[in-house]
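Both counts, for ligands and for their atoms, begin at 1 and track the order of listing. All of these numbers come straight from a predicted model, not from anything done at the bench.
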Amino acid sequence: MSLRQIGWLGLITSILLIAVLPVPEFWITQLNYIGISSLAVLGLILLTGVGGLTSFGQAAFVGIGAYTSAYLTVHAGLSPWLTLFVGLALTGVCAVVLGWITLRMSGHYLPLATLAWGLSLYYIMGNLEALGKYDGILDVTGLSLFGWDLGHGRVFFVMTWALVLLGTLAMIHLLDSRVGRAIRSLKTGSQMAESMGIDTLRFKIGIFLISALLASVSGWLYAHFQRAVNPSPFGVHVGIEYLFMAVLGGAGHVWGAITGVTITKLLADQLQVLLPKLIGTSGSYEIIVFGVLLVLTLKYAPEGIWAFVDRKLPKPPRKVDWQNASALPHRSKPAPGEVVLQATDIRKEFGGLVAVNNINFAVQSGQIVGLIGPNGAGKSTTFNLITGVLGLTSGSITFRGEDISGLASREIAKRGISRTFQHVKMIADMTVLENVALGAHLRGNRGAVSAMLHLDRTEEQSLFREAEFQLRRVGMGEYLHELAGNLAMGPQRLLEIARALCNDPALLLLDEPAAGLRHKEKQALADVLRQLKSEGLSILLVEHDMDLVMQVTDRIVVMEFGTRLIEGTPEEIQASPEVRAAYLGTEH
Ligand code: ADP
Ligand code: MG
């Protein structure tokens with residue numbers, strides 16, 4: 001039995017023990033409220049902690065679940081088991097519409113938008129006659145199944161905590177999957193994710209939806225446990241409280257949800273008794289303590305309390321179970337000599353600055369073309385034009401005969417262009433293997449639900465097999481289970497190459513792959529590039545290391561101030577007095 005299984009068994013046993021032992025009713029009730037809130041906070045862990053999207057509106061989604069079920073059971077006489085799904089559907093529609101509108105916003109606009117949305121829902125709940133205004137809806141039915149009362153104490157406790165543990169398990173499964181890696185890539189900014197073919201807006205809406213659905217279940221439980229609803233537990237201040245719990249527990253950890261809720265609730269109980277005694281008057285003074293606590297947490301334990309536990313937990317490397325997985329299908333490759341990439345008069349202006357000035361060049365199948373020039377010449381901008389990160393001011397780019405000008409990054413990735421970045425972009429808290437598997441995103445198709453149910457294992461094995469293969473190909477076999485954040489610059493760049501290769505590209509764009517590499521590593525890189533070329537891959541290489549460029553390239557395009565100075569074979573370039581003056585002369 002693995003340590004993980006022992007942990008789960010321990011949790012399940014403790015819940016059953018609490019249910020059968022003579023634990024005072026007061027504590028069972030407390031644990032019920034902790035369980036109910038944990039579901040809502042679990043959603044925030046995914047949305048805010050993992051996905052980096054801050055929402056103050058989580059309590060509003062709890063409210064939708066609670067009010068829908070309360071209203072329909074009381075006024076339409078429906079069964080709570082039915083209204084659960086009505087509530088989920090309504091929450092889902094709200095989340096998708098709201099997400100679609102707000103998740104395009106960046107920076108502080110999103111939290112502000114969720115604040116506005118949380119406030120407006122609170123006032124709607126409080127002002128609608130049908131929902132009982134600020135008095136809410138009373139006498140909500142309790143939960144029962146075939147006459148068996150589930151709505152009280154210990155039975156409700158077991159049911160609630162079964163849901164919390166199932167939700168937690170589903171979340172753990174989700175984060176360790178193709179979809180999960182895409183979600184974890186959202187925080188690093190959209191550029192890298194999109195160039196791996198990930199539709200970042202879709203995944204943002206996805207986690208907003210999952211998070212809202214968890215809140216809705218929490219609201220449903222609340223309504224039928226409390227037997228009444230009114231607007232106050234769904235207001236913005238509770239939305240902030242949920243965020244506080246997530247941060248305190250550890251927003252980046254799935255177990256941070258239960259940890260944060262438990263500590264906050266227990267502390268609130270103690271403070272409500274203790275503070276009035278100390279101060280002499282009663283009031284919600286615990287809020288002040290929580291405010292101070294939040295500041296202290298952010299300063300001294302920004303990863304939350306669970307992070308301390310997590311550090312103590314043993315982390316055995318991922319079990320290698322993919323040796324016999326089936327290989328992923330490959331795309332058809334260009335014929336030898338075929339023109340893979342053709343850039344015609346491509347131009348990019350940034351305001352008055354012409355960064356790329358009507359450049360022309362072509363890359364043939366199996367060729368390595370070097371793009372060189374002093375800093376600021378427009379090389380990275382050219383890369384961004386080819387990969388769709390930036391739009392062309394004018395000109396056109398065709399890839400394998402298809403006009404790709406104006407396509408989104410992920411569409412270009414889909415067609416078989418992969419790239420690395422001048423400034424390495426990776427997910428530091430994921431292993432090297434997982435980072436590289438992200439590159440194979442487009443070669444899988446399993447979604448969130450199959451990930452949560454662990455039905456995606458066959459595909460996962462194929463993805464990991466591919467990731468391991470590409471890592472070994474670039475000489476990174478030693479580093480599979482290392483955290484990417486622990487790598488030195490050389491291995492980081494090789495990680496990016498392996499990740500790009502996972503997309504099975506026909507054209508590979510490398511932006512200064514040798515920067516920061518030691519001499520031996522550069523030699524190894526040159527070998528890798530030659531090997532890739534011999535396999536028919538075309539490569540466009542931006543590089544300052546002239547030895548490497550002269551060794552591996554077939555043709556070289558020299559840029560200066562956005563224009564093409566000269567194009568030719570490495571010998572021609574080396575012999576050119578123009579290049580010596582403009583480039584080599586200044587660099588060497
Ligand atoms: P290189 O990669 O050859 O060093 P770049 O393509 O990064 O050069 O930059 C070319 C020129 O375009 C530089 O003058 C740079 O300052 C400018 N530039 C690059 N990106 C942007 C941008 N997003 N906005 C404004 N100017 C930019
Ligand atoms: Mg550059």
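- The pair R415-E402 counts as a salt bridge, with a side-chain nitrogen and a carboxylate oxygen less than 4.0 angstrom apart.
- Ionic pairing of K522 and D547 is not present here: no N-O contact between side-chain nitrogen and carboxylate oxygen is shorter than 4.0 angstrom.
- Using a 4.0 Å cut-off between a side-chain N of Lys or Arg and a carboxylate O of Asp or Glu, E349 and R347 qualify as a salt bridge.
- E434 has no carboxylate O lying under 4.0 Å from a charged side-chain N of R181, or vice versa, which leaves the two without a salt bridge.
- Using a 4.0 Å cut-off between charged side-chain N and carboxylate O, R465 and E468 make no salt bridge.
- Closest to atom 25 (C) of ligand 1 among all protein heavy atoms lies F350 CG, 3.3 Å.
- Scanning G562, S380, G376 for the heavy atom closest to atom 7 (O) of ligand 1 points to S380.
- Between K333 and D504 there is a salt bridge, since at least one side-chain N of the basic residue sits less than 4.0 Å from a carboxylate O of the acidic one.
- Protein heavy atoms are absent from the 4.0 Å sphere centred on atom 16 (O) of ligand 1.
- Looking at A355 next to ligand 1, no N or O pair under 3.5 Å apart turns up.
- The shortest N or O to N or O distance between T382 and ligand 1 is not under 3.5 Å.
- Distance check for S380 against the Mg ion (ligand 2): an N/O/S atom falls below 2.8 Å.
- Residues P336 and S365 share a closest heavy-atom pair of CA-OG, 3.6 Å.
- Within the 4.0 Å heavy-atom criterion, the part of L353 lying near ligand 1 is the side chain and not the backbone.
- Within ligand 1, the atoms closer than 4.0 Å to a non-hydrogen atom of T381 are 5 (P), 6 (O), 9 (O), 10 (C), 19 (C), numbered from 1 in the order shown.
- Checked by distance only, ligand 1 and G378 come closer than 3.5 Å through their nitrogen or oxygen atoms.
- Among the atoms of Q422, an N, O or S atom falls under 2.8 Å of the Mg ion (ligand 2).
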